[in-house]
Amino acid sequence: MVFWIASVVGLGLAYLFGSTPTGYLAGKLLKGIDIREHGSKSIGATNVLRTLGKWPALVVLLVDVLKGVGAIVFARWFYPWFYTLPSVTPPTALDLQTWVPWAVCLAGLAVLLGHSRSIWLNFTGGKSAATGLGVLLAISWPVGLGAATVFGVVLAIFRLVSLSSMLAALTAIALICGLEQPLPYRLLVIAGSIYVIVRHRANIQRLLAGTEPRLGQSNPGAKLESQI
């Protein structure tokens with residue numbers, strides 16, 4: 001019983017990593033505003049850029065990425081540590097090498113869920129692209145670097161953050177399936193990437209309609225959802 005309770009606690013902590021509303025806090029600390037009432041009404045780095053400026057947006061982006069990295073690093077330390085405690089009795093059929101990759105997989109999904117469904121914002125949030133990049137970099141830096149490269153190239157050409165995020169997610173799926181990675185990590189990247197794309201469904205509709213704002217473009221509708 002202690003084993004399963006500790007496992008759930010670890011996932012809860014990963015969720016809390018992700019649920020820290022970085023963009024919201026930036027708005028409150030820097031200008032005393034609720035960023036959800038300005039610009040695109042997003043807590044993501046794109047709306048922070050529009051509302052607060054370049055440097056706050058860069059900090060928010062970096063922290064959101066580090067949330068994903070931190071959750072994976074924590075999971076890789078926490079689960080092997082408590083697995084060896086004398087008071088913990090894991091199932092006999094579950095050895096450490098088998099359990100840890102699956103635990104890391106679940107922690108990765110938990111941090112993505114935390115970013116997009118933050119307990120501090122009534123279970124609303126961003127679209128988990130930046131935090132997802134952090135997860136990718138932590139579990140397989142070549143996959144993370146490949147996804148980040150595609151994001152940067154597409155953004156430079158089209159100036160569309162949503163399109164860049166979705167193509168980066170698809171790139172991550174292709175790379176993780178083509179490289180030698182544990183099955184749990186492959187499932188994490190596939191599920192997480194699909195989740196990020198689904199979170200962009202409103203952006204997909206605007207892309208098809210030709211109304212998706214480009215980076216640096218004003219947002220007259222003020223009804224856009226988060227980009228990252």
Side-chain angles (χ1 to χ4, degrees), residues 7 10-11 14-15 17-18 44-46 61-62 64-80 93-117 125-158 160-205 207-208 212 226-228:
S7 298
L11 295 181
Y15 169 84
F17 265 96
T46 303
L61 178 63
L62 179 61
D64 283 348
V65 171
L66 289 176
K67 290 192 300 186
V69 173
I72 299 302
V73 171
F74 168 77
R76 283 178 167 166
W77 165 81
F78 177 76
Y79 289 106
L94 198 60
D95 63 89
L96 182 62
Q97 284 189 325
T98 300
W99 167 240
V100 170
W102 286 106
V104 169
C105 171
L106 294 175
L109 293 175
V111 73
L112 294 179
L113 182 64
H115 182 81
S116 61
R117 301 292 182 185
K127 293 185 177 175
S128 300
T131 301
L133 174 60
V135 170
L136 289 175
L137 290 170
I139 65 170
S140 176
W141 68 263
V143 175
L145 184 60
T149 300
V150 169
F151 177 90
V153 170
V154 175
L155 184 63
I157 295 172
F158 297 102
L160 291 166
V161 178
S162 57
L163 179 64
S164 304
S165 298
M166 289 186 286
L167 290 179
L170 292 174
T171 300
I173 293 176
L175 290 175
I176 200 71
C177 290
L179 297 176
E180 290 292 333
Q181 294 293 332
L183 176 61
Y185 290 3
R186 293 185 181 189
L187 295 178
L188 165 60
V189 173
I190 292 171
S193 296
I194 292 174
Y195 182 67
V196 168
I197 293 171
V198 169
R199 292 284 295 169
H200 282 83
R201 56 190 178 275
N203 302 86
I204 294 173
Q205 294 175 351
L207 285 168
L208 294 174
E212 180 77 340
S226 59
Q227 300 284 345
I228 291 182

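No experiment lies behind these values; they were computed from the predicted model shown.
Side-chain contact between Glu212 and Ser162 is present, with heavy atoms from C-beta onward closer than 4.5 Å. Between Phe158 and Ser164 there is no side-chain heavy-atom pair separated by less than 4.5 Å. Annotation: side chain of Tyr79 is in contact with side chain of Ser7 (closest heavy-atom distance under 4.5 Å). Annotation: side chain of Val154 is not in contact with side chain of Leu160 (no heavy-atom distance under 4.5 Å). Side-chain contact between Phe17 and Ile72 is absent, with no heavy-atom pair separated by less than 4.5 Å. When side chains are defined from C-beta on, Met166 counts as touching Ile204, because their heavy atoms get closer than 4.5 Å.
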Please evaluate residues Leu207 and His200 with respect to the criterion side chain to side chain contact (heavy atoms under 4.5 Å, CB included), reporting the C-alpha separation (whole Å), side-chain torsions for both, the decisive distance (0.1 Å), and the verdict. CA-CA 10 Å; Leu207 285 168; His200 282 83; over 6 Å; no

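A side-chain donor-acceptor contact under 3.5 Å links Thr131 to the backbone of Asp64. A donor-acceptor contact shorter than 3.5 Å links the side chain of Tyr15 to the backbone of Arg117. Arg186 places a side-chain N or O within donor-acceptor distance of the main-chain N or O of Leu179, the cut-off being under 3.5 Å. His115 places no side-chain N or O within 3.5 Å of a backbone atom of Val111 that could act as its donor or acceptor partner. A donor-acceptor pair is defined here as one N or O able to donate and one able to accept, closer than 3.5 Å; no such pair exists between the side chain of Ser193 and the backbone of Ile190. The main-chain N or O of Leu112 is found under 3.5 Å from a side-chain atom of Ser128 such that the two form a donor-acceptor pair. With Arg201 contributing its side chain and Val198 its backbone, the two residues share a donor-acceptor pair below 3.5 Å.
The CD1 atom of Ile197 sits 5.5 Å away from the CD1 atom of Ile173 when rounded to the nearest 0.5 Å. Atom-to-atom distance recorded for Leu136:CG and Leu175:CG is 9.0 Å, nearest 0.5 angstrom. Separating the CG atom in Leu106 from the CH2 atom in Trp99 is a distance of 6.0 Å, to the nearest 0.5 Å. In this structure, the separation between CG on Leu145 and OG1 on Thr171 is 12.0 Å, given to the nearest 0.5 Å. Going from atom CZ of Phe151 over to atom CG of Leu163 covers 10.0 Å, rounded to the nearest 0.5 Å. With rounding to the nearest 0.5 angstrom, the CG atom of Leu109 is 10.0 Å from the OH atom of Tyr195.
For the pair Ser140 and Ile176, the tightest heavy-atom approach, listed with the atom from each and the gap, is CB-CD1, 4.5 Å. Shortest non-hydrogen contact noted between Ala147 and Ala168 is O-CB, 3.4 Å. Closest of all the heavy-atom pairs between Leu133 and Gly144 is CD1-O, 3.5 Å. In plain terms, the two heavy atoms of Val100 and Pro80 that are nearest each other are CG2-CG, 3.8 Å. Nearest heavy-atom pair, Pro184 versus Pro101, reported as atom, atom and distance to 0.1 Å: CB-O, 3.4 Å. When all heavy atoms of Tyr185 and Val104 are compared, the closest pair comes out as CE1-CG1, 3.8 Å.
In Trp141, the CH2 atom is not crowded: 12 or fewer heavy atoms of neighbouring residues, nucleotides or ligands sit closer than 6.0 Å.
Taking the six-membered ring where the residue is Trp, Trp77 and Phe74 present tilted rings, their angle falling between 30° and 60°.
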